[in-house]
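Chain letters run A, B, ... following the sequence lines, proteins first and then strands; every chain starts at 1.
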Amino acid sequence: MPVVPRVLVQEAPFDMGAETAALFAGRADVGGLASFLGICRGDGGLVAMTLEHYPGMTERALRRIAEEACARWPLTGCTVIHRHGRLVPGDPIVLVLTASAHRVAALDSCAFLIDWLKTKAPFWKSEEFAGGTTRWVEAKAEDDEAAARWGR
Amino acid sequence: MPVVPRVLVQEAPFDMGAETAALFAGRADVGGLASFLGICRGDGGLVAMTLEHYPGMTERALRRIAEEACARWPLTGCTVIHRHGRLVPGDPIVLVLTASAHRVAALDSCAFLIDWLKTKAPFWKSEEFAGGTTRWVEAKAEDDEAAARWGR
Amino acid sequence: MKVLYFAWVRQKVGAAEEDVSPPPEVRDVAGLIAWLATRSPGHAAAFADARQLRAAVNQEFAPPDAPVAPGDEVAFFPPVTGG
Amino acid sequence: MKVLYFAWVRQKVGAAEEDVSPPPEVRDVAGLIAWLATRSPGHAAAFADARQLRAAVNQEFAPPDAPVAPGDEVAFFPPVTGG
């Protein structure tokens, strides 16, 4: 039976070390733990990025995406934490953790999760630049293609 | 110019949180950080696993593998830590961390590194089971295939 | 019917949400877009290019031909950029 | 020439390393294997199936036709299982 993923949508920072430890501490069935940490970059004079989301739908969409990963791969654990609000360069935005007996399931499901989050999680990013201009980040065709390689 | 990877071969545990933070703290050019943590499993009554290695050659091989990743992908940071000695189920064995401006480089190079470590790093694992029997872990054809998909 | 707007759709409309009572001939997402576009210049600007819009009905992504009915929560927004 | 053994090769030979002086006709890894196999029953057992063996010369993986020379460090071991 698939594991129940841990899904959080929050403004606060998260503790990657604690989240990682929670997926394998005290157990002997986890052989590989893959993770992806998405971080705010400061390209082109970006001073901040504000993530808007759709409360209610966001949690639902993230849970569905994480459950899809747990159904497709034999995971022993899965954690998805996505922040919203105003973040500055260097701030972590999103954390994906997948644990499994074997490395391939952990690595593939981690890549799947971040690809699907890009195109199926209701977040919108407003970039704020030195000088005060702002700009909405546009969806990228390459993200659609990356998500599509996992089917459906 | 490719980044210089951080490569460690050690008996002691490592601090994944500190290693992760070291790759993006205080900088604004890291957009994605992928990691893989390999952990000792307790399958079939395994009580311990002893990793033997080839001092000198191990460090050299790991450094070469990590440098290959840094040459193939535009990484901003890369850390490979591989433990040796006697480990028990639940103990971390290997940590691979890759950081880049974009997620694809981080995720792909992380998968590459763990695939190549499996087949090109001079470690040998002796499994110790309840009852005292021991067994050398045999190399797997699927690991050779996984390593081969990256070429050369 | 509750309608929510996000990102630049919200900015162009000038509101994050509104309660609306479209006429009975508005039966799907596309019809709702056409009707909402007539409500103000801001709405017209927000809904000018339907190709740039995405929708959700009751918190599920929904295509233009997805039915909408009184009591539904319908949201309009640009393509998402999560992760 | 310094020869190192790892894992079950080490166990079968009964030593982790030894200094050897093979005759001049031993010019490559395959020749060294054939010569080492004659040194003791343990060596013979360790080197019985060359397909199960891998080698390194001066800490670089080396195929059977890789040259070996006095002063080299040559290691024999099963296929590696890192990671």
Side-chain angles (χ1 to χ4, degrees), chain A residues 7 9 36-41 49-66 80-84 87 92-96 110-127 134-147 152, chain C residues 1-20 28-30 32-33 36-37 41-83:
Chain A
V7 173
V9 179
F36 180 81
L37 181 68
I39 301 158
C40 179
R41 275 182 295 132
M49 175 182 274
T50 300
L51 282 93
E52 182 171 333
H53 77 118
Y54 184 168
M57 180 173 170
T58 312
E59 291 79 358
R60 182 195 286 241
L62 261 54
R63 180 157 299 281
R64 183 152 323 157
I65 293 166
V80 175
I81 306 179
H82 206 307
R83 295 176 70 187
H84 60 90
L87 303 173
I93 303 170
V94 60
L95 174 66
V96 171
C110 182
F112 162 85
L113 279 164
I114 193 69
D115 280 346
W116 271 34
L117 286 175
K118 288 268 173 197
T119 60
K120 294 174 197 285
F123 288 92
W124 301 275
K125 293 169 179 157
S126 175
E127 296 177 327
T134 62
R135 179 177 72 185
W136 289 100
V137 174
E138 287 185 34
K140 295 192 195 77
E142 67 199 60
D143 286 339
D144 288 333
E145 288 155 21
R152 221 217 328 158
Chain C
M1 186 183 295
K2 187 171 163 190
V3 182
L4 307 178
Y5 306 111
F6 293 98
W8 55 253
V9 180
R10 171 179 53 72
Q11 293 178 317
K12 289 188 179 180
V13 168
E17 67 175 86
E18 51 187 343
D19 283 302
V20 298
D28 59 18
V29 166
L32 183 59
I33 288 175
L36 286 168
H43 286 78
F47 291 106
D49 185 357
R51 288 169 308 177
Q52 303 300 316
L53 288 176
R54 297 294 181 271
V57 176
N58 298 324
Q59 304 191 352
E60 301 283 348
F61 289 107
D65 63 353
V68 296
D72 281 349
E73 175 178 304
V74 184
F76 294 100
F77 41 76
V80 305
T81 55

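Within the 4.5 angstrom heavy-atom criterion, no atom of C/R54 approaches chain A. For a residue to count as touching a neighbouring chain, one of its non-hydrogen atoms must lie under 4.5 Å from one of that chain's; by this rule C/Q52 does not touch chain A. Within the 4.5 angstrom heavy-atom criterion, only backbone atoms of A/T119 (N, CA, C, O) approach chain C. At a 4.5 Å heavy-atom cutoff, the contact between C/A56 and chain A is made by side-chain atoms alone. For a residue to count as touching a neighbouring chain, one of its non-hydrogen atoms must lie under 4.5 Å from one of that chain's; by this rule A/R64 touches chain C with the side chain only.
Looking at C/D28, its side chain never comes within 3.5 Å of a backbone N or O of C/A66 through a donor-acceptor pair. Of the possible donor and acceptor atoms, one in the side chain of A/W124 sits under 3.5 Å from a partner among the backbone N and O of C/P78.
Salt bridge annotation for A/K140-A/E145: absent, with no cationic side-chain nitrogen under 4.0 angstrom from a carboxylate oxygen.
Ranked by non-hydrogen atom pairs under 4.5 Å with chain C, the options A/R60, A/H53, A/E138 are led by A/R60.
A/T58 has its side chain out of reach of A/H82: every pair of non-hydrogen atoms, C-beta onward, lies at least 4.5 Å apart.
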A/R83 vs A/L51, test: side chain to side chain contact (heavy atoms under 4.5 Å, CB included). Steps then yes/no.
CA-CA 8 Å; A/R83 295 176 70 187; A/L51 282 93; over 6 Å; no

